Structures are given as structure tokens and as C-alpha cells.
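Right, one structure below, let's go through it.
These numbers come from a predicted model, not from an experiment.
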Amino acid sequence: MSNEEEAEMADETETEDEAASPEEPQEDEEAAGSEPEGLQDGDFVRLAYTARTVENEQLVDTTDPEVAEEEGVDTEEQTIEPRVIAIGAGHLFGTVEEDIKGKEAGDTGSVVVPAEEAFGEYDSDELRTVSAEKIPEDDRYPGAHVDLDGQHGHVETVVGGRARVDFNHPLAGEDIEYEYEIVEEIEDRTERAQGLLQMFVDADLEMWIETDEVEEETVVEPDEDDEEGEPATETETVEKETLYIEATPQLTMNQQWMFQKQQIAQDLMDRLDLDRVIIQETIEGGGMMGGLGGMMGGMGGGGVEEALEDADVDADEIVEELEGDLDVEDADLED
């Protein structure tokens with residue numbers, strides 16, 4: 001075979017290979033590097049929703065004031081309004097969060113959360129008979145909520161000296177349907193902080209974020225040549241992103257805040273990329289506290305008589321009472 005014939009056969013083989021092989025797929029590098037569309041983990045949204053049991057449409061939770069009023073929910077004890085949530089933070093059941101992902105502000109949705117994910121499957125072993133004496137007398141009636149041996153339950157029946165108590169969650173075994181609307185996406189960090197904190201404390205708190213310059217001491221390692229050298233410290237100025245929260249009685253007296261403020265503050269710092277949280281408490285002057293402060297200041301400065309006059313107290317009567325007490329004490333000691 002001549003060289004020309006070999007070249008022609010080689011060309012034909014290449015042509016056949018090209019025809020047989022499909023087109024090379026486009027590089028997936030761009031697709032791999034592109035960000036997913038819509039809302040994702042870490043995004044903040046204001047969400048309106050109503051959750052009901054699938055079987056009998058019993059209200060579980062709502063952010064709609066009209067629905068709450070229709071269902072007889074006490075709206076004076078809690079604020080009923082759309083809530084700020086961080087997607088992926090566990091503020092909602094995972095099924096609901098997954099349904100929200102990829103959507104945008106203004107979108108609506110409906111999703112059913114299965115019982116095992118919601119409040120658990122019903123466990124018949126959790127329906128137990130106990131001595132009625134273990135239940136406080138005021139709670140010995142069907143429907144009462146009781147705490148026994150570290151478990152929370154509700155009384156089903158009381159017969160004689162025995163009671164049947166169900167320690168399952170009242171919604172155990174129920175599938176829950178969520179209907180929701182994504183009202184808006186929240187970008188402002190202060191608004192995000194207010195929304196997060198309101199999930200723990202139902203209070204309208206004033207807060208703001210500032211970048212502070214703070215002096216910190218850092219350890220300076222000694223030189224390698226200095227065998228006896230000890231670590232020294234030096235002061236440097238660093239910037240700290242700080243969330244300031246103006247404390248109110250609602251905050252300071254809230255039990256969840258009292259016992260979990262460290263965890264709550266850490267959650268705020270982690271999700272909002274903050275360095276610290278500072279709680280500020282303002283005490284106004286005037287009233288009884290002002291009067292007590294004036295008396296204490298007067299006593300310290302030698303103005304006792306003036307303080308007693310302002311308090312409408314007779315100094316001579318006080319002296320007589322003190323002298324009488326001293327006489328009684330002396331008499332007791334002599335006996």
C-alpha cells in the first residue's frame with residue numbers, strides 16, 4: 001500500500017471516529033462555580049405562615065392576627081405577626097425550610113411535615129397508670145397538664161386512686177400542614193438581630209451595630225535566642241463589630257434570657273458575623289430612688305439633720321429611742 005493510500009485511510013478513520021463519537025458535553029466548570037438561585041441556607045426572611053393538623057385542621061401555630069382571633073388565641077400575651085427566620089438555623093421544621101429554598105420574596109407554598117419529623121409518632125407505652133396521689137389535688141381532672149418524674153403529660157382519666165396520664169406530646173402522631181408566604185428577604189443586620197432575638201424574647205428592643213476600637217493585650221513570644229526569656233504582652237488597638245442592646249424589664253426578667261443569654265448571644269454573633277454583644281441598662285433618676293440617693297449622700301457628707309428634716313423625722317425622738325435601747329441592753333448585761 002502506497003503512502004498516499006495509507007494517508008487517505010487514516011483520514012477516513014478519523015472522520016468515522018468523529019461521526020461515531022457524540023459531541024463533547026460543555027464544561028461543567030461554570031455550572032459548578034455558579035451560585036444556586038433563590039433563597040438558601042443563611043438567608044434571612046420575614047415569613048407569614050399558618051400550621052394546622054392534616055387530620056382535623058387543628059391550629060398549631062400562626063402569624064396571622066385574624067386567624068389567631070378566630071381560633072381564640074390570646075393575642076395580649078404574645079405578638080402575632082410574620083416572623084424573621086434564618087434559613088437552615090432550625091427555626092422551622094426541616095421539610096418547611098427545604099421547601100422555601102430556591103424561592104424568592106413574594107412566593108407562597110404549602111408543605112406537609114410528617115408526624116415523625118413534627119412531634120413524633122404516638123407511642124402507646126407512654127400512656128401510663130399512676131397513683132392519683134402523685135398528682136397535685138388541683139390537677140386531678142381530665143385534660144390537666146402535669147409534670148411527674150421529670151416528664152410532662154396530660155391527665156386522661158381519674159378513677160378512684162388511679163389516674164391515666166398520657167406522656168406523649170398532644171400532637172404526637174399528627175401530620176402538620178404549613179401554608180406560608182415569604183413576605184420579604186431581610187438584608188439589614190440590625191433588623192436580622194431584632195428578628196432573631198424576638199424568637200426568644202417577645203419584646204420590642206432597641207438595638208444597633210457599631211464598629212468599636214478596643215485595646216487588647218496580646219502575648220508576644222520571646223526570641224528563640226533568648227533561652228530565659230518569658231512571654232511578654234503588648235497592647236494593640238483592634239476593631240470589633242458590636243451589637244448593642246438596650247435592656248428593658250421584659251428582657252432582664254425573661255426566664256429564657258436569664259438562663260440562656262450566653263447561648264443566645266453566641267447565636268447572634270455567629271449568624272450576624274459579630275465580635276461581641278453588649279447589653280446596656282439605663283436607670284433614670286427621680287422618685288424614691290432619687291430620695292434614697294440624696295439621703296445617703298447627705299449622711300456621707302455630714303448633712304444628717306438636713307436629711308432628717310427632708311424625710312420629716314424628729315431627730316430628738318430618735319435619740320431618746322436609742323438611749324432607751326442602750327439602757328435596756330446594759331440592764332440585761334448586768335443581770
Check whether any side-chain N or O of [X] sits under 3.5 Å from a backbone N or O of [Y] as a donor-acceptor pair, and report yes or no.
X      : Y      : result
Asp99  : Val96  : no
Asp107 : Glu104 : yes
Asp175 : Pro114 : no
Thr63  : Tyr49  : yes
Arg83  : Met199 : no

Is it possible for you to say whether [X] and [Y] belong to one hydrophobic cluster, with membership spreading through side-chain heavy-atom contacts below 4.5 Å?
X      : Y      : answer
Ile85  : Val60  : yes
Leu59  : Tyr180 : no
Ile186 : Phe200 : yes
Val183 : Leu196 : no
Ile264 : Leu272 : yes

How many angstroms lie between atom [atom1] of [X] and atom [atom2] of [Y], to the nearest 0.5 angstrom?
X      : Y      : atom1 : atom2 : answer
Ile176 : Thr95  : CD1   : OG1   : 11.5 Å
Trp208 : Leu243 : CH2   : CG    : 9.0 Å
Leu39  : Ile87  : CG    : CD1   : 4.5 Å
Trp257 : Ile245 : CH2   : CD1   : 5.0 Å
Asp275 : Glu241 : CG    : CD    : 6.5 Å
Met207 : Leu205 : CE    : CG    : 5.0 Å

- Full working for side-chain contact (heavy atoms from CB on, under 4.5 Å) between Glu66 and Glu69: CA-CA 5 Å; Glu66 293 184 1; Glu69 186 176 355; 5.7 Å; no

Would you indicate whether [X], at its atom [atom1], is surrounded by more than 12 heavy atoms from other residues, nucleotides or ligands within a distance under 6.0 Å?
X      : atom1 : result
Glu210 : CD    : yes
Gln280 : CD    : yes
Gln151 : CD    : yes
Asp204 : CG    : no
Glu236 : CD    : yes
Lys261 : NZ    : no

- Task: Give a yes-or-no answer on whether the side chains of Glu71 and Thr62 include a donor-acceptor pair shorter than 3.5 Å.
- Result: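 Looking only at side-chain atoms, Thr62 and Glu71 do not form any donor-acceptor pair under 3.5 Å.
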
- Task: Check whether the side chains of Asp212 and Thr242 place a donor and an acceptor atom closer than 3.5 Å, and report yes or no.
- Result: yes

- Kindly indicate, with the supporting measurements, whether the criterion side-chain contact (heavy atoms from CB on, under 4.5 Å) is fulfilled by Glu234 and Thr218. CA-CA 6 Å; Glu234 65 178 13; Thr218 58; 3.6 Å; yes

Is any NZ, NE, NH1 or NH2 atom of the basic residue among [X] and [Y] found under 4.0 Å from an Asp or Glu carboxylate oxygen of the other?
X      : Y      : answer
Asp149 : Arg128 : no
Glu184 : Arg46  : yes
Lys101 : Asp41  : yes

Can you see which heavy atom on [X] is nearest to which on [Y], and at what distance?
X      : Y      : result
Glu246 : Glu281 : OE2-C, 4.4 Å
Leu274 : Arg189 : CD2-NH1, 3.7 Å
Gln40  : Asp43  : N-OD2, 2.8 Å
Glu216 : Lys240 : OE2-CE, 2.7 Å
Ala86  : His91  : N-ND1, 3.1 Å
Asp123 : Asn168 : O-ND2, 2.8 Å

- Tell me, with the steps shown, if Val84 and Val45 meet side-chain contact (heavy atoms from CB on, under 4.5 Å). CA-CA 6 Å; Val84 175; Val45 296; over 6 Å; no

- Check the angle between the aromatic planes of Tyr178 and Phe93 and answer parallel, tilted or perpendicular using the 30° and 60° thresholds. perpendicular

Listing, residues 155-164 side-chain donor-acceptor contacts under 3.5 Å, not counting sequence neighbours, or none:
residue	atom	partner	partner atom	Å
Arg164	NH1	Thr129	OG1	3.0

- May I have the step-by-step check of side-chain contact (heavy atoms from CB on, under 4.5 Å) for Glu116 and Glu121, ending in yes or no? CA-CA 5 Å; Glu116 59 267 22; Glu121 296 285 7; 3.1 Å; yes

- Student check: side-chain heavy atoms of Phe44 and Glu191 closer than 4.5 Å: no

